[in-house]
Amino acid sequence: MPETEGPNPVISKLEEKTTSSAVAVAGHPLHAMTVHFPIALVIATLAADIMFWWTADTFWERAGLWAAGGAFFSGVTAGLIGTAELLLVAGIRARVASWAHGIAAMGLIAVAGANWGGRVTDVIAVLPHGLGLSVLATMLTGLAGWHGGKLIFDHGIGLMVSPKD
């Protein structure tokens, strides 16, 4: 197998595109700052559902309702900011991990919305459907987070470093 000389032309072309955040405050990307809220609230919803299953205390049912609502609305906020970044920044748009992250995150927002909407309208009960949606949302959080981590650690998206670094 012949060895190629020089850098890969596809990777070189990709690295030419900017990855600077288009939605930032003082250079800090807002998307990276807002995703912590839906992540924490999705996991809090799952924890509240498990506690409700274990104790049958209606406090946990109410806590799960509030956490599910917070997860959905903060997820929509983070998703709008992330979508703006995806559409406005060519270097982010050109990476497959960006699209995989976005698709997983949109699925997560849809599941979180179904979880909250079903609870607030009494269409679903915590057991079994709310708990099932909470487990699914937690799995989607892991998937979206994994791809988001790839963007940060493998592609340097959202990092405040100079080209020399």
Side-chain angles (χ1 to χ4, degrees), residues 19-25 28-160:
T19 58
S20 299
S21 179
V23 186
V25 173
H28 299 281
L30 285 179
H31 182 66
M33 289 191 274
T34 57
V35 295
H36 299 86
F37 298 103
I39 291 168
L41 290 165
V42 162
I43 294 168
T45 305
L46 177 61
D49 290 352
I50 290 169
M51 290 302 296
F52 177 71
W53 184 19
W54 188 29
T55 66
D57 186 344
T58 57
F59 166 80
W60 294 112
E61 186 176 29
R62 287 190 318 276
L65 170 69
W66 283 96
F72 173 64
F73 288 108
S74 62
V76 167
T77 302
L80 288 172
I81 296 167
T83 300
E85 290 280 22
L86 180 67
L87 298 176
L88 295 173
V89 182
I92 295 173
R93 201 172 45 248
R95 286 166 167 79
V96 174
S98 300
W99 293 96
H101 172 69
I103 291 167
M106 294 309 286
L108 168 59
I109 292 168
V111 171
N115 200 0
W116 174 73
R119 291 169 192 243
V120 80
T121 58
D122 288 327
V123 171
I124 65 169
V126 174
L127 297 175
H129 300 103
L131 178 60
L133 287 172
S134 294
V135 168
L136 179 58
T138 301
M139 292 186 324
L140 287 168
T141 298
L143 181 64
W146 186 75
H147 284 292
K150 284 188 68 65
L151 290 169
I152 294 167
F153 297 113
D154 292 350
H155 299 281
I157 305 294
L159 299 180
M160 294 174 43

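Put simply, the side chain of Leu131 reaches to within 4.5 Å of the side chain of Leu46, judged on heavy atoms.
Summarising the geometry of Ala97 relative to Leu151, their closest heavy-atom pair is CB-CD2, 3.8 Å, with the distance given to 0.1 Å. The nearest pair of heavy atoms linking Val23 to Ala84 is CG2-CB, 3.9 Å. Across Pro38 and Val35, no two heavy atoms sit closer than the pair CD-O, 3.2 Å.
Met51 CE: more than 12 foreign heavy atoms inside a 6.0 Å radius.
Screening residues 94-115 for ring-ring contact (aromatic ring centres under 6.0 Å, His included) gives His31-His101 as the qualifying pairs, with residues at least two apart or on separate chains. Applying the salt bridge (charged side-chain N to carboxylate O under 4.0 Å, His left out) rule to pairs touching residues 55-75 yields nothing, sequence neighbours excluded. A side-chain hydrogen bond (donor to acceptor under 3.5 Å, both in side chains) check over residues 83-93, counting only residues at least two apart or in different chains, returns the pairs Ser21-Glu85. Residue pairs satisfying the ring-ring contact (aromatic ring centres under 6.0 Å, His included) criterion with at least one member in residues 36-60, sequence neighbours excluded, are absent. Legend: salt bridge (charged side-chain N to carboxylate O under 4.0 Å, His left out) pairs involving residues 64-76, not counting sequence neighbours: none detected. Applying the salt bridge (charged side-chain N to carboxylate O under 4.0 Å, His left out) test to every pair with at least one member in residues 66-75, sequence neighbours left out, gives no pairs at all. Within the structure, salt bridge (charged side-chain N to carboxylate O under 4.0 Å, His left out) pairs that include any residue of residues 127-139 do not occur (at least two apart or interchain).
For the atom pair Thr77 OG1 and Ile109 CD1, the distance stands at 9.0 Å (nearest 0.5 Å). Separation of atoms CD1 (Ile50) and OG1 (Thr45) is listed at 11.0 Å; rounding is to 0.5 Å.
Applying the salt bridge (Lys or Arg N to Asp or Glu O under 4.0 Å) criterion to Asp154, with sequence neighbours excluded, gives Lys150. By the side-chain contact (heavy atoms from CB on, under 4.5 Å) test, Ala112 is found to be paired with Phe72, residues two or more places apart in sequence or in another chain being considered. Shown here are the side-chain contact (heavy atoms from CB on, under 4.5 Å) partners of Ala125, two or more places apart in sequence or in another chain: there are none. Contacts of Ser134 classified as side chain to side chain donor-acceptor pair (under 3.5 Å), with partners at least two apart in sequence or in another chain: Asp49, Asn115, Arg119. Applying the side-chain contact (heavy atoms from CB on, under 4.5 Å) rule to Ala104 yields the partners Leu143, Ala144; only residues at least two apart in sequence or on another chain are considered.
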Worked verdict on Ile124 versus Leu133 for side chain to side chain contact (heavy atoms under 4.5 Å, CB included):
CA-CA 10 Å; Ile124 65 169; Leu133 287 172; 3.8 Å; yes
For a side chain to side chain contact (heavy atoms under 4.5 Å, CB included) check, start with the C-alpha distance between Thr34 and Ser74, then their side-chain angles and the critical distance, and finish with the verdict.
CA-CA 8 Å; Thr34 57; Ser74 62; over 6 Å; no
Could you give me the CA-CA distance, side-chain angles and deciding distance for Leu108 and Leu136, then say whether side chain to side chain contact (heavy atoms under 4.5 Å, CB included) is met?
CA-CA 8 Å; Leu108 168 59; Leu136 179 58; over 6 Å; no
